[in-house]
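Here is the structure we will look at, set down as C-alpha cells.
Throughout, protein chains are lettered first and strands after them, A, B, ... in sequence-line order, and every chain is numbered starting at 1. Note that the structure is a prediction, hence the values are computed from the model and not measured.
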Protein chains: 2
Amino acid sequence: MATRAGEGDPVRGSGARTARVRSGDDTRVPVPQRLMAAATRLFAEQGYDRTSVQEIVEAAGVTKGALYHYFGSKDDLLHEIYGRLLRLQQERLDLLADRAAPVEERLRQAAADVVVTTIDNLDDAMIFFRSMHQLSPEKQKQVRAERRRYHERFRALIEEGQRSGVFSDATPADLVVDYHFGSVHHLSSWYRPGGRLTPQAVADHLAGLLLRALRP
Amino acid sequence: MATRAGEGDPVRGSGARTARVRSGDDTRVPVPQRLMAAATRLFAEQGYDRTSVQEIVEAAGVTKGALYHYFGSKDDLLHEIYGRLLRLQQERLDLLADRAAPVEERLRQAAADVVVTTIDNLDDAMIFFRSMHQLSPEKQKQVRAERRRYHERFRALIEEGQRSGVFSDATPADLVVDYHFGSVHHLSSWYRPGGRLTPQAVADHLAGLLLRALRP
DNA sequence: GTCGGCAGACTAACCAGTCGGTATGTCGTT
DNA sequence: AACGACATACCGACTGGTTAGTCTGCCGAC
C-alpha cells in the first residue's frame, strides 16, 4: 500500500546503496532511483496506462521483484513522481513569497519561477497533467490538496497586491491563478527544449503577460 | 480504417434510422450517436485506456458487433469526438474573425467564445487534452494539423492588432496564443458547472485578462 | 545463520478486434 | 404481387495476446 521508497532524501538511497556495479546496463545509482528515472521517461513517452511494469523494470535493469520490493504498486511510482515536482515547486514558492520586496516583484519572480522549474522538469510536468487522474482516489485527493496549498500561496500574493492597489481587482484572484497555471500546465504540450526561446525567456514573457494583465 | 459513421449530418443518421424502438434501454436515437454519447461520458469519467469497448456498448445498449459496424476501431471513436469539437470551434472562430469590427473587439469575442464553447462541451475538451496522445500517430498528426490551423487564425488576429498598434508587441504573438489556450485547456480541471461563475462570466474574465495583457 | 535485496516463474483477470450467422428491408423482374 | 438476390444492421462467442501483482527461494553481507 504505502510506498517504501523516498524515505527522507532520495539521494541518500538508504539501504539500497548496496546495489553495486552489476554487469548489466546502467551505473551504480541506487535501484529505486533507477526505477523512478525509467518510469518517468516511459510514462512521459507512452503514458501511464500504456507502460507496463515489465518495461519499466527492463529499462532500469532489474526485475519485478525489485520494483515491488521498493514500491507498493505501479500507482505508487506515479505518486512519487508528482511528489518530487510538487515539493520542489512549493519550496521555491515559499522562499520567494517570503522575501522582502514589493509584491509586484515577488509575484513576477514566482510566476517566472514555476515556468522555469516546469520546463526543467518537463517530463514530470507532462505526466502530472496527463496522468494525475489515473491515480487511486486517495492518492489523487492528497495530490490535489498539495496542489491547492500551492495555488493558495500564489493567490495570496495576488490578493495582497489587489488590496494595496498595485494590481487591478477587475478579475477575482483565483481566476487569475487558474489563468496563469493553465498556461504553465500547457507548457509541456508546446515547449520543446532547444527551441527558439530559452526557458528563462519564456518565463519572463509569461510572467510579463501576467503582470501586464494585472496592471490597474 | 476509416470511420463509416458521421457520413454527412450526424442527425440524419442515414440507414441507421431503421434502429427501431427496441425493447432495451435507451430511446430511438440512432445507434452511432448513442455510441458516441456513451463513449464520451465514459472516456471523460475513466479515461480512454481504462474504458473497455464492452463498457461502451453496454452503456449504449448494443453489442460489439454494432460498434465495429459503424466505427473502424476504438481509436476512431476518440477521433470523432475530437473532430466534433474542433469543427465547432473552428467554424465559430472563422465567423467571428471575419466580422467587420475593430481587432480588439474581434479578439475579445473570439477569446471569450472558445471559453464558452469549451465549457459547453467540457467532457469533449477534457478528453481532448487528456487523451489526444493515445490516438494512433496518423490520426494524432491530423488532429494536430487542424488544431494548428485554429491557432494560426487566432494568432493572425493578435498580429493584426500588434501591427496596427492597438496591442503591445512586447510578447511574440504565438506565445500569447499558447498562454491563452493553456488556460482554455485547463478549464476542464477546475471549472465545475453550477459553480460560482456562469460560463459567460468566466469567458468575459479570461478574455479581459488577455486583452489587458495586450494593452500597449 | 539470518536478513535485506532481489530474481523470475506463475496466476487470474482482461481486452480489442474477428467472424460466422441471423433478421429485416429494398429492388428489379416477371 | 410474388419471388429471388443482395445489402444493411446487428448479435455474441471466440481468439490471441497482455497485464499487475504474488510468491517462493537464492545469495551475499554482517
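Taking atom CG on L67(B) and atom C1' on dA9(D), their separation rounds to 13 Å, with Å as the unit. The CD-P distance, from E58(A) to dA20(D), rounds to 12 Å in whole Å. Between the OH atom of Y48(B) and the C1' atom of dC15(C) there is a distance of 12 Å, rounded to whole Å. Rounded to a whole Å, the CG atom of D76(A) is 10 Å from the P atom of dG21(D). The nearest whole Å value for the distance from the CG atom in L35(A) to the C1' atom in dG5(C) is 12 Å. The nearest whole Å value for the distance from the CG atom in D75(B) to the P atom in dC15(C) is 18 Å. Atom CD of Q54(B) and atom C1' of dC14(D) are 13 Å apart (whole Å). Atom CD in E55(A) sits roughly 18 Å away from atom P in dG17(D) (whole-Å rounding).
Using modelled atom types, one finds a donor on one side chain and an acceptor on the other under 3.5 Å when comparing R99(B) with Q109(B). For the residue pair T40(A) and R84(A), a side-chain donor N or O sits within less than 3.5 Å of a side-chain acceptor on the partner. If you check the side chains of Y179(A) and H180(B), you find a donor sitting under 3.5 Å from an acceptor.
Among the heavy atoms of the strands lying under 4.0 Å from T63(B) is at least one base atom, whether or not backbone atoms are also near.
Between the side chain of K64(A) and the base of dA20(D) there is at least one donor-acceptor pair of N/O atoms closer than 3.5 Å.
Considering only side-chain N and O atoms, K74(B) lies under 4.0 angstrom from the phosphate OP1 or OP2 of dA16(C).
Looking at the side chain of V53(A), the nearest of the listed nucleotides dA20(D), dT8(D), dA16(C) is dA20(D). Taking every side-chain heavy atom of Y68(B) into account, dG17(C) is the closest of dT22(D), dG17(C), dG5(C). Nearest nucleotide to the V62(B) side chain, out of dG17(C), dC11(D), dT8(D): dC11(D).
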The test is side-chain hydrogen bond (donor to acceptor under 3.5 Å, both in side chains); show your working for Q142(B) and E138(B) and say whether it passes. CA-CA 6 Å; Q142(B) 190 191 327; E138(B) 320 91 68; over 6 Å; no
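For H186(A) and F181(B), the distance between ring centers is not under 6.0 angstrom.
Both R50(A) and G65(A) lie near DNA chain D, and the one whose nearest nucleotide falls closer to the 5' end is R50(A).
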